[in-house]
Protein chains: 2
Amino acid sequence: MSVGSQETYELPAVLPVGSVQDVLAALADPVRLEMVRRMSADGGPVACVRLYDGIGKSTASHHFKVLREAGITERVVIDGQVHQQLRADELEEALPGVVSAVVAATG
Amino acid sequence: MSVGSQETYELPAVLPVGSVQDVLAALADPVRLEMVRRMSADGGPVACVRLYDGIGKSTASHHFKVLREAGITERVVIDGQVHQQLRADELEEALPGVVSAVVAATG
DNA sequence: GGAATAGTTCGATGATCATCGAACTTAGAT
DNA sequence: ATCTAAGTTCGATGATCATCGAACTATTCC
């Protein structure tokens with residue numbers, strides 16, 4: 001096992017939460033907003049494949065990257081499987097209420 | 001005076017506040033976010049020309065339209081001059097906390 | 001009425017971006 | 001070692017969208 005015997009670990013390069021502008025731009029896409037909703041509902045790391053429907057893997061991977069670069073999510077590896085996790089605490093600290101209000105919105 | 005002798009009135013077709021998705025898409029553009037920030041800071045109707053810098057009138061008018069169609073703003077005519085006003089109350093009711101958190105964000 | 005100012009609409013242009021498929025990588029299973 | 005499954009990266013394509021200038025509308029001022 002090339003990463004040692006840990007079963008769960010973050011991948012490096014967790015980026016700082018971006019500007020409101022960056023975060024809004026990331027959430028403006030319906031596919032990404034749905035991903036964030038699912039991560040928020042789960043609360044913990046979610047396997048990639050459970051975060052989208054109806055698009056290809058490469059497209060999904062692109063959206064993960066956008067979310068990560070905005071500092072909204074991070075990658076966590078669990079038993080060799082990549083998961084995505086919402087950085088809820090960091091987001092609340094950097095942009096209080098923004099993501100939580102968006103996720104809570106019904107309309 | 002073709003509209004009668006009122007000095008202040010809303011233009012017709014005030015649209016309902018759109019979905020979170022619509023609102024996020026509208027706020028994702030830096031020019032529009034700045035417009036919303038200025039309207040929020042003012043609190044009341046703001047003359048069009050005070051809401052932007054560095055872009056042409058036609059571009060600004062396009063952005064006003066996008067904001068209006070998302071239900072974020074409405075047009076108010078004061079003494080024959082068009083103003084834009086943030087629909088803060090309606091936004092809070094439809095999407096509690098979303099716009100206020102975005103505007104309050106410093107980063 | 002005519003001139004000037006303020007906003008909107010329209011068409012065209014250029015840039016940005018979501019999407020796909022294919023190739024590559026990594027990890028686990030046989 | 002081979003096979004398979006999961007993610008990522010890359011290039012290309014198509015659509016969406018911000019921007020501009022010009023033409024049009026409406027309103028105020030002279």
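Residues B/L33 and B/V102 are in side-chain contact: their nearest non-hydrogen atoms beyond the backbone lie under 4.5 Å apart. Residues B/H63 and B/I55 meet the side-chain proximity criterion, which asks for heavy atoms closer than 4.5 Å.
With rounding to whole Å, A/R50 atom CZ is found 17 Å from D/dG7 atom C1'. Atom pair A/R68:CZ and D/dG7:P shows a separation of 12 Å (rounding to whole Å applied). Atom CD1 of B/I55 and atom C1' of D/dT19 are 9 Å apart (whole Å).
Nearer the 5' end of DNA chain C, as judged by each residue's closest nucleotide, is the contact made by B/H62, out of A/V66 and B/H62. Of the two residues near DNA chain C, A/H63 and B/T59, the one whose nearest nucleotide lies more 5' is B/T59.
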For B/T73 and B/R68, run side-chain contact (heavy atoms from CB on, under 4.5 Å): C-alpha distance rounded to whole Å, both residues' side-chain angles, the deciding distance at 0.1 Å, then the answer.
-> CA-CA 5 Å; B/T73 60; B/R68 245 180 289 124; 3.8 Å; yes
Walk me through it: do A/M35 and A/Y52 pass the test side-chain contact (heavy atoms from CB on, under 4.5 Å)?
-> CA-CA 7 Å; A/M35 288 173 165; A/Y52 62 93; 4.0 Å; yes
Worked verdict on A/V98 versus A/L91 for side-chain contact (heavy atoms from CB on, under 4.5 Å) | CA-CA 8 Å; A/V98 173; A/L91 285 165; over 6 Å; no
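Within residues 25-45 of chain B, no residue approaches DNA chain C, by heavy-atom distance under 4.0 Å.
Under the 4.5 Å side-chain heavy-atom criterion for ILVMFWY residues, no single connected hydrophobic cluster contains both B/F64 and B/V77.
The salt bridge (charged side-chain N to carboxylate O under 4.0 Å, His left out) search around B/E90 returns B/R87, not counting sequence neighbours.
Summarising the hydrophobic clusters (Ile, Leu, Val, Met, Phe, Trp, Tyr; side-chain heavy atoms under 4.5 Å, direct or chained), the residues clustered with A/V66 are none. Hydrophobic cluster membership for A/V76: A/I78 (Ile, Leu, Val, Met, Phe, Trp, Tyr linked by side-chain heavy atoms under 4.5 Å, directly or transitively).
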N/O-N/O pairs, protein side and nucleotides 2-7 of chain C side, under 3.5 Å:
from: C/dG7; atom 1: OP1; to: B/V82; atom 2: O; distance (Å): 3.3
from: C/dG7; atom 1: N7; to: B/K57; atom 2: NZ; distance (Å): 2.7

Is there any protein nitrogen or oxygen under 3.5 Å from a nitrogen or oxygen in nucleotides 10-16 of chain D, and what are the pairs?
none

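To the nearest 0.5 Å, atoms CE (B/M39) and CG (B/L67) are separated by 5.5 Å.
A donor-acceptor contact shorter than 3.5 Å links the side chain of A/Q21 to the backbone of B/A28.
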